[in-house]
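Reviewing the structure listed below.
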Amino acid sequence: MIVSVILLAALFGAAFSLFIGVDEASGATKMVEWGVGQYIFTFFTVGALLVFYILSITSYYYVIEDKYFIMKRYWKEFQFDYKNIQFIDIDESKRKGQVIFYAPTCRTKYLLGDKNGLLLETLIKKCPPTMSVHEFKMKHPEERY
């Protein structure tokens, strides 16, 4: 998503001359009257934004299994075993609408899109007892948290 926004910003910067021109008499910048080029550029820019938005919504989800859960993000899948999760920050996860947990294999993870708390409830039920926030900070001071 970030890459698409950067590419669209670069495209808009390159097409800046479609919208801003120079007055030949005074040399001042002025808005150019809209023509076919401006409408086509605007149509494709809005269309690309909508495609990337729909793609980001439909390509980011979780599959909950008995012993693990899978996070699918675009074309990649990440599998997390419940038994490997050592720490779940329940308070911050509820407050921010995302799941924050630590596992040695993947370090600290922030899983977005859990506004209803369904993934958090599943992790609380299926994971073995985890550390408290204080124990986590004492055991893993190098983790940015």
Side-chain angles (χ1 to χ4, degrees), residues 1-23 29-145:
M1 183 78 168
I2 293 173
V3 172
S4 65
V5 170
I6 291 172
L7 288 175
L8 287 174
L11 181 64
F12 188 78
F16 192 67
S17 63
L18 289 173
F19 299 96
I20 303 293
V22 176
D23 187 15
T29 58
K30 66 173 187 162
M31 291 291 294
V32 175
E33 289 189 31
W34 278 55
V36 175
Q38 287 88 353
Y39 288 115
I40 290 173
F41 177 77
T42 304
F43 174 77
F44 281 117
T45 302
V46 170
L49 282 171
L50 287 173
V51 166
F52 281 114
Y53 179 71
I54 291 169
L55 184 67
S56 68
I57 289 173
T58 60
S59 299
Y60 190 88
Y61 58 90
Y62 305 102
V63 178
I64 298 173
E65 299 289 339
D66 288 336
K67 297 186 181 204
Y68 59 90
F69 73 96
I70 297 171
M71 177 183 72
K72 178 132 171 62
R73 185 172 57 196
Y74 295 108
W75 298 273
K76 295 181 182 179
E77 287 187 0
F78 302 95
Q79 180 176 329
F80 303 102
D81 291 332
Y82 297 127
K83 64 182 178 184
N84 291 335
I85 296 176
Q86 294 180 354
F87 168 70
I88 302 170
D89 191 351
I90 298 169
D91 296 333
E92 281 294 309
S93 296
K94 286 180 181 177
R95 189 173 67 80
K96 291 186 175 182
Q98 63 184 9
V99 177
I100 304 168
F101 71 92
Y102 174 82
T105 56
C106 63
R107 317 278 303 192
T108 301
K109 279 296 209 188
Y110 300 85
L111 304 179
L112 304 175
D114 190 41
K115 292 189 189 317
N116 297 332
L118 298 175
L119 182 61
L120 180 62
E121 286 178 22
T122 303
L123 288 178
I124 292 170
K125 289 177 188 175
K126 295 191 176 199
C127 290
T130 59
M131 295 183 257
S132 68
V133 175
H134 180 68
E135 290 172 334
F136 174 73
K137 288 181 180 179
M138 294 297 289
K139 189 171 183 180
H140 301 286
E142 74 282 355
E143 275 300 306
R144 191 185 93 206
Y145 171 70

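In this text, all values refer to a predicted model and were calculated from it rather than measured experimentally. Numbering of residues begins at 1 and proceeds along the displayed sequence.
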State, to 0.1 Å, how close I100 and S93 come at their nearest heavy-atom pair, and which atoms those are. N-OG, 3.0 Å
Which value, rounded to the nearest 0.5 Å, describes the distance between L119 atom CG and L111 atom CG? 6.0 Å
Atom pairs and distances, donor-acceptor, side-chain atoms in residues 68-83, under 3.5 Å, two or more places apart:
residue, atom, partner, partner atom, Å
K72, NZ, Y74, O, 2.9
Y82, OH, E65, O, 3.2
Y82, OH, Y68, O, 3.4

Quick one: side chains of residues 31-40, donor-acceptor pairs under 3.5 Å with protein atoms, not counting sequence neighbours, listed by atom name and distance.
residue, atom, partner, partner atom, Å
Q38, OE1, G35, N, 2.7
Q38, NE2, L18, O, 2.3

Using atom types as modelled, flag every donor-acceptor pair under 3.5 Å from a side chain in residues 50-57 to any protein atom, sequence neighbours excluded.
residue, atom, partner, partner atom, Å
S56, OG, F52, O, 3.3
S56, OG, Y53, O, 2.8

Test log, rule side-chain contact (heavy atoms from CB on, under 4.5 Å), inputs D66 and K126: CA-CA 8 Å; D66 288 336; K126 295 191 176 199; 3.9 Å; yes
Does the side chain of K109 reach to within under 4.5 Å of the side chain of V99, using non-hydrogen atoms? no
With C127, which of I85, T122, N84 fulfils side chain to side chain contact (heavy atoms under 4.5 Å, CB included)? I85
